[in-house]
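First the structure, in the form of structure tokens, and then the observations on it.
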Amino acid sequence: MSTHSNHPFHLVDYSPWPLTGAIGAMIMVTGLVKWFHQYNMNLLMIGIIITLLTMIQWWRDVIRESTFQGLHTYVVTMGLRWGMILFITSEVFFFLSFFWGFFHSSLSPTIELGNIWPPIGIQPFNPLQIPFLNTLILLTSGITVTWAHHSLMENNYYQALQGLFFTVILGIYFTILQGFEYIESPFTISDSVYGSTFFMATGFHGLHVIIGTLFLLVCLLRHYNNHFSSIHHFGFEAAAWYWHFVDVVWLFLYISIYWWGS
């Protein structure tokens with residue numbers, strides 16, 4: 001396909017990645033069901049590997065289009081911006097469902113829970129220990145990613161690199177602390193509705209932190225290879241938006257589940 005056109009839109013080439021992505025997702029979900037019922041993770045791991053390889057190669061193509069091929073015009077970039085805004089909006093409603101479930105159960109605990117919250121037998125986490133430290137870590141990471149963004153807009157290569165590096169390190173640190181918290185947890189996901197809502201909400205947030213950290217790590221590598229300029233760096237902007245969203249969700253989680261809910 002010729003790269004020359006008389007319109008500002010990007011008509012993508014034929015790609016195998018939507019097909020391999022769909023196959024990988026199907027195998028992954030089937031493997032998840034097999035793991036739940038037969039405690040065998042082989043099929044799940046195959047699905048995860050196919051999905052990861054698809055993501056790496058698909059996004060490699062997108063990076064090539066935006067840099068070396070110069071196909072991401074202003075119109076294309078605006079379309080990507082709206083796509084990211086709508087994606088984050090869908091994520092807001094995703095987490096809203098968890099908060100709805102939590103407040104539905106906590107504001108009017110049933111007789112099976114002892115008419116109290118937290119339920120009888122549940123020993124909640126101290127909100128002033130690891131949860132508070134994780135809150136400080138994420139707030140600090142929000143500052144460092146903003147520092148990196150402003151440095152990039154001012155063409156300050158090394159400060160943008162430093163800001164991204166510190167943000168990635170803080171994201172990894174957060175994940176390690178949350179993993180330690182889960183290991184030391186005095187209750188499990190099967191311990192009443194408290195355990196279910198706690199681990200579903202904080203677990204999915206932790207997954208989003210891992211995804212956001214990988215997103216920013218890719219941006220760090222791209223910035224190191226001079227893929228971004230002061231006026232053309234939407235890949236980094238999208239990662240920063242996503243990271244700020246993760247920060248805000250954690251603040252709501254901390255205030256409602258860790259502090260008020262305990």
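The figures that follow rest on heavy atoms only: side chains count, while hydrogens, waters and symmetry mates do not.
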Q: Any chance you could lay out the side chain to side chain contact (heavy atoms under 4.5 Å, CB included) test for Met84 and Ile88, step after step, and finish with the verdict?
A: CA-CA 6 Å; Met84 192 66 192; Ile88 292 176; 4.1 Å; yes
Q: Assess whether side chain to side chain contact (heavy atoms under 4.5 Å, CB included) is satisfied between Tyr224 and Phe165, documenting all intermediate values.
A: CA-CA 11 Å; Tyr224 181 78; Phe165 175 77; over 6 Å; no
To the nearest 0.5 angstrom, please state how far the [atom1] atom of [X] sits from the [atom2] atom of [Y].
X: Leu214; Y: Met55; atom1: CG; atom2: CE; value: 7.5 Å
X: Leu138; Y: Ile143; atom1: CG; atom2: CD1; value: 11.5 Å
X: Leu152; Y: His233; atom1: CG; atom2: NE2; value: 5.0 Å
X: Ile122; Y: Ser192; atom1: CD1; atom2: OG; value: 4.5 Å
X: Leu220; Y: Thr213; atom1: CG; atom2: OG1; value: 12.0 Å
X: Ile210; Y: Phe174; atom1: CD1; atom2: CZ; value: 9.5 Å

Would you mind reporting whether [Y] and [X] have side-chain heavy atoms less than 4.5 Å apart?
X: Cys219; Y: Phe228; result: yes
X: Ser106; Y: Tyr194; result: no
X: Thr77; Y: His232; result: yes
X: Trp117; Y: Phe102; result: yes
X: Trp35; Y: Asn40; result: no
X: Thr144; Y: Ser141; result: yes
X: Val92; Y: Phe245; result: yes
X: Leu216; Y: Tyr242; result: no

**Q.** Qualifying residue, where the test is side chain to side chain contact (heavy atoms under 4.5 Å, CB included) with Ile49 and the options are Ile46, Leu53, Leu52, Thr51
**A.**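 One option only clears the test, and that one is Leu53.
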Are there more than 12 heavy atoms of other residues, nucleotides or ligands under 6.0 Å from atom [atom1] of [X]?
X: Ile116; atom1: CD1; result: yes
X: Trp59; atom1: CH2; result: no
X: Phe94; atom1: CZ; result: yes

Do [X] and [Y] meet the criterion of a side-chain donor-acceptor pair at a distance under 3.5 Å?
X: Trp58; Y: Ser15; answer: no
X: Thr202; Y: Tyr182; answer: yes
X: Trp17; Y: Asp61; answer: yes
X: Trp243; Y: Thr167; answer: no

Can [Y] be reached from [X] by stepping across I, L, V, M, F, W or Y side chains whose heavy atoms are under 4.5 Å apart?
X: Leu128; Y: Ile137; answer: yes
X: Ile63; Y: Phe236; answer: no
X: Leu136; Y: Leu251; answer: no
X: Tyr258; Y: Leu107; answer: yes
X: Tyr254; Y: Leu207; answer: yes

Q: Please test Phe187 against Phe125 for ring pair (Phe, Tyr, Trp, His ring centres under 6.0 Å), starting from the C-alpha separation and ending with a verdict.
A: CA-CA 10 Å; Phe187 57 89; Phe125 289 102; 5.6 Å; yes
Mind checking side-chain hydrogen bond (donor to acceptor under 3.5 Å, both in side chains) for [X] and listing every partner two or more places apart, or none if nothing turns up?
X: His223; value: none
X: Thr20; value: Thr54
X: Ser190; value: Thr188

Q: Would you check, one step at a time, whether the test side chain to side chain contact (heavy atoms under 4.5 Å, CB included) holds for Leu139 with Asp247?
A: CA-CA 7 Å; Leu139 289 176; Asp247 282 355; 5.6 Å; no
Counting distance only, does the side-chain N/O of [X] pair as donor-acceptor with the main-chain N or O of [Y] below 3.5 Å?
X: Thr67; Y: His227; answer: no
X: Ser108; Y: His104; answer: no
X: Ser90; Y: Phe87; answer: yes
X: Ser256; Y: Phe252; answer: yes

Q: List in chain and number order the residues that pass side-chain contact (heavy atoms from CB on, under 4.5 Å) with Thr110, two or more places apart in sequence or in another chain; answer none if no residue qualifies.
A: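 So Thr110 forms a side-chain contact (heavy atoms from CB on, under 4.5 Å) with Glu112, Leu113.
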**Q.** From CA spacing to verdict: side chain to side chain contact (heavy atoms under 4.5 Å, CB included), His72, Val62
**A.** CA-CA 9 Å; His72 284 194; Val62 174; 4.0 Å; yes
What orientation do [X] and [Y] show, parallel under 30°, tilted 30 to 60°, or perpendicular over 60°?
X: Phe95; Y: Phe98; value: perpendicular
X: Trp250; Y: His205; value: tilted
X: Phe99; Y: Phe103; value: parallel

For [X] against [Y], the heavy-atom pair lying closest together:
X: Asn134; Y: Gln178; value: ND2-N, 4.0 Å
X: Leu164; Y: Ala148; value: N-CB, 3.7 Å
X: Gln123; Y: Pro186; value: O-CG, 3.2 Å
X: Ala201; Y: Leu253; value: CB-CD2, 3.6 Å
X: Ser230; Y: Asn155; value: CB-OD1, 3.5 Å
X: Val193; Y: Ser105; value: CG2-OG, 3.4 Å

Q | salt bridge (Lys or Arg N to Asp or Glu O under 4.0 Å) against Glu237, all qualifying residues, sequence neighbours excluded | A |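 Result, salt bridge (Lys or Arg N to Asp or Glu O under 4.0 Å) vs Glu237: Arg81.
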**Q.** Pair Tyr74-Phe234, ring pair (Phe, Tyr, Trp, His ring centres under 6.0 Å): steps then yes or no
**A.** CA-CA 11 Å; Tyr74 175 78; Phe234 175 68; over 10 Å; no
Q | Centroid-centroid under 6.0 Å between Trp259 and Phe132 rings | A |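 No.
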Q. Phe215 and Trp241: aromatic ring centres closer than 6.0 Å?
A.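 Distance test on ring centres: not under 6.0 Å, no.
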Q | Any pair counted as salt bridge (Lys or Arg N to Asp or Glu O under 4.0 Å), so long as it reaches residues 82-92, sequence neighbours left out | A |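 Salt bridge (Lys or Arg N to Asp or Glu O under 4.0 Å) check on residues 82-92 returns no pairs.
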